[in-house]
Amino acid sequence: MLHNDDTRLIVVGSGVAGLAATLAAVEQGAEVLLVTAGTLPSGSSWWAQGGIAAAVGDDDDILLHEADTVAVGAGLNDAKAVEVLVEDGRRIVLDLFESGVPFDDDHGKPDMGLEAGHSRRRILHAGGGATGEMVSDALLSRVIRSGNVQILTQTPVDRLMVEGGRVVGVQSEESIYMGRAVILATGGYAGLWGRSTNPAGNRGFGLWLSWEAGASLADLEFVQFHPTALNIPGAPSYLLSEALRGDGALIVDAKGKQIVDPLLPRDVVARAVAMHLRERGPVYLTLRHLDPSVKEHFGAIAKQLETWHIDLARDLIPIAPAAHYCMGGVRTDVDGRTDMPGLYAAGEVACTGVQGANRLASNSLLECLVFGERAARAAVKDGRTAKADFSLRPVPESADLDAILPNSGTKLYPEEELGGRLDRDLGVARNAADLSGLAADLPDPLCRMPAGHLVASLATRAALLRAESRGAHYRTDATETLPEWRGRIMWRRGSVPHFEEVQ
């Protein structure tokens, strides 16, 4: 069945990025078709415990926030994208305050938290560790009240409709929905790993849709592992928010000895935890030395831990790193445009370059809010041929292209088995031997394959190609950061990988 309305904007995904895009489009006078594979609420945004970083404190400013973002990004941040993030983000967060989002307060003022990599207390939380849920609910209420939005739930998109080299709609089962443009806000791919803090559905489906339509992907090797995820046999990898460490929680061994500074960047902490687990034994998060009232500040986390008979304030909490957030995605400019006309992307599915090689804590919800809004505004105002243009060249001469060329691998792993292989071979620390073995087993990108296998195959090949260590990508056999690799590896269907230098 064909549903044709080339005046409306189609938004795929109902997390913070999709909701922000929907609201911005409505404010521009557009009608919106919001399509989501699940029910409402759904998506990884509702899972987000961490807060939103914004330079709204008296001792803070946007230049400091910008500098912290770039420092953690390990030389791969897009400078314009970072500037947009911190400037637009400050405005948007203040608007959320005024609209009544129930952020935690301290005697009438925002209660600003500290997290790794930040030089100021600038993290806003809501609901004692339920920030994503609170912000998502507030945005969803506004979407429902807006009046110009049609919502389709439990409607997974099977493919993007392309006509004349332009994306013009989406297909779901036997229905086709046409519109002026499509914004993807489908989340990342960290759910591919066996140990993951993500919903199981976060398997890179938006990247697969874009790849099939002809858009470029980038930075797929950069996957952030959260260092403090619950590590109990039979229990999920429940995220223990960075805000706990910002308020004084420590990372210790079984004897209570601290093993790493808890406020170092996530990649550093995750590697320290992983190494200790591998070489010395269990690692724990502890708040025993803090006032027991800390449980009141992190009520949602404390309540969840009680289901596993863990007392947040008194017990040593077993932890291990888990795949958490993906810097890679569909390559876009700062207005969400991909290099495929008619296709836009925002949130974790997109690679704007704003996060560089490693995301600064609590910049993710901010990214969704800022770039969801910008993508919608561009999609409403752009002409039919508008697209992003990226300056590409061959990958650095030191790259071993032979190692990642098509091979005979055809194995399609069951989800659980694929997750285990990624945990082992494409985890916190990588090396050429493990990556080569994984690449040889996975189908090559010239094959048509399910979304998860495509993204896993490309991410593995990117990690093998980038023979250096940078940000969240750490190679035990190539530990230096090399100047010739200061750029992003770009992938497009039917083409060898190319390289986009970061200026």
Side-chain angles (χ1 to χ4, degrees), residues 13-24 41-56 62 65 68-69 72 81-82 84-97 99 101-104 110-118 121-143 185-188 190 197-199 202 224 226 239 241-243 246 266 300-301 324-327 329 336 345-352 354-355 358-376:
S14 57
V16 166
L19 295 173
T22 298
L23 288 171
S42 64
S44 56
S45 292
W46 266 271
W47 288 41
Q49 296 175 6
I52 300 178
V56 298
I62 57 176
H65 189 182
D68 291 344
T69 300
V72 169
V82 175
V84 165
L85 178 79
V86 298
E87 290 186 357
D88 286 12
R90 185 179 187 278
R91 169 185 56 80
I92 290 172
V93 167
L94 290 174
D95 287 346
L96 290 177
F97 263 117
S99 67
V101 173
F103 289 109
D104 301 339
D111 186 9
M112 311 297 290
L114 179 67
E115 293 182 359
H118 290 273
R121 300 186 71 89
R122 65 167 68 97
I123 317 302
L124 295 91
H125 298 93
T131 309
E133 178 182 347
M134 295 290 185
V135 172
S136 298
D137 283 346
L139 296 178
L140 180 58
S141 295
R142 289 168 59 185
V143 165
T186 52
T197 64
N198 283 234
N202 279 22
Q224 187 177 84
H226 201 288
L239 177 68
S241 171
E242 191 127 8
R266 283 181 178 172
I301 297 173
H324 179 58
Y325 180 89
C326 302
M327 277 67 73
E348 196 175 351
V349 70
C351 175
T352 64
V354 70
Q355 311 293 8
N358 194 27
R359 175 177 65 90
L360 180 65
S362 289
N363 267 357
S364 52
L365 287 176
L366 191 71
E367 176 189 15
C368 292
L369 291 164
V370 169
F371 293 101
E373 176 183 280
R374 292 180 70 92

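Side chain of Thr131 to main chain of His125: no donor-acceptor pair is present (N/O by atom type, distance under 3.5 Å, no hydrogens or angles).
Nearest heavy-atom pair, Ala376 versus Ala24, reported as atom, atom and distance to 0.1 Å: CB-CB, 3.8 Å. Contact record, Ala243 with Glu115: N-OE2, 3.6 Å, taken as the closest heavy-atom pair. The minimum heavy-atom distance between Met112 and Arg121, with the atom names listed, is O-NE, 2.9 Å. The minimum heavy-atom distance between Val16 and Cys368, with the atom names listed, is CG1-CB, 3.6 Å. The shortest non-hydrogen separation linking Ala53 to His118 is CB-CE1, 3.7 Å. Minimum heavy-atom separation, Ala346 to Ala375: CB-CB, 4.3 Å.
Summarising the geometry, atom OG1 belonging to Thr197 is positioned 5.0 Å from atom NE2 belonging to His324; distances are rounded to the nearest 0.5 Å. Annotation: the span from Ser364 atom OG to Met327 atom CE amounts to 11.0 Å, rounded to 0.5 Å. Distance CZ/Arg359 to CG/Leu366: 11.0 Å, rounded to 0.5 Å. Rounding to the nearest 0.5 Å gives a distance of 11.0 Å between CG of Leu124 and CG of Leu365. Note: Leu360 CG to Gln224 CD = 9.0 Å, rounded to the nearest 0.5 Å. The distance from the CD atom of Glu348 to the OG1 atom of Thr186 is 9.5 Å, given to the nearest 0.5 Å.
Contacts of Val354 classified as side-chain contact (heavy atoms from CB on, under 4.5 Å), with partners at least two apart in sequence or in another chain: Ala81, Val82, Leu85, Thr352, Glu367, Phe371. For Arg266, the salt bridge (Lys or Arg N to Asp or Glu O under 4.0 Å) partners are Glu242, not counting sequence neighbours.
Using a 4.5 Å heavy-atom cutoff, the side chains of Ile123 and Leu114 are not in contact. Two residues are said to be in side-chain contact when any heavy atoms from C-beta on lie closer than 4.5 Å; Leu369 and Leu139 meet this criterion.
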Item to check | side chain to side chain contact (heavy atoms under 4.5 Å, CB included) assessment of His65 paired with Asn363 | outcome: CA-CA 10 Å; His65 189 182; Asn363 267 357; 3.0 Å; yes
Show me the donor-acceptor pairs within less than 3.5 Å that the side chains of residues 89-96 make with the rest of the protein, sequence neighbours left out.
unit_1, atom_1, unit_2, atom_2, d
Arg90, NE, Ala55, O, 2.8
Arg91, NH2, Glu373, OE2, 2.7

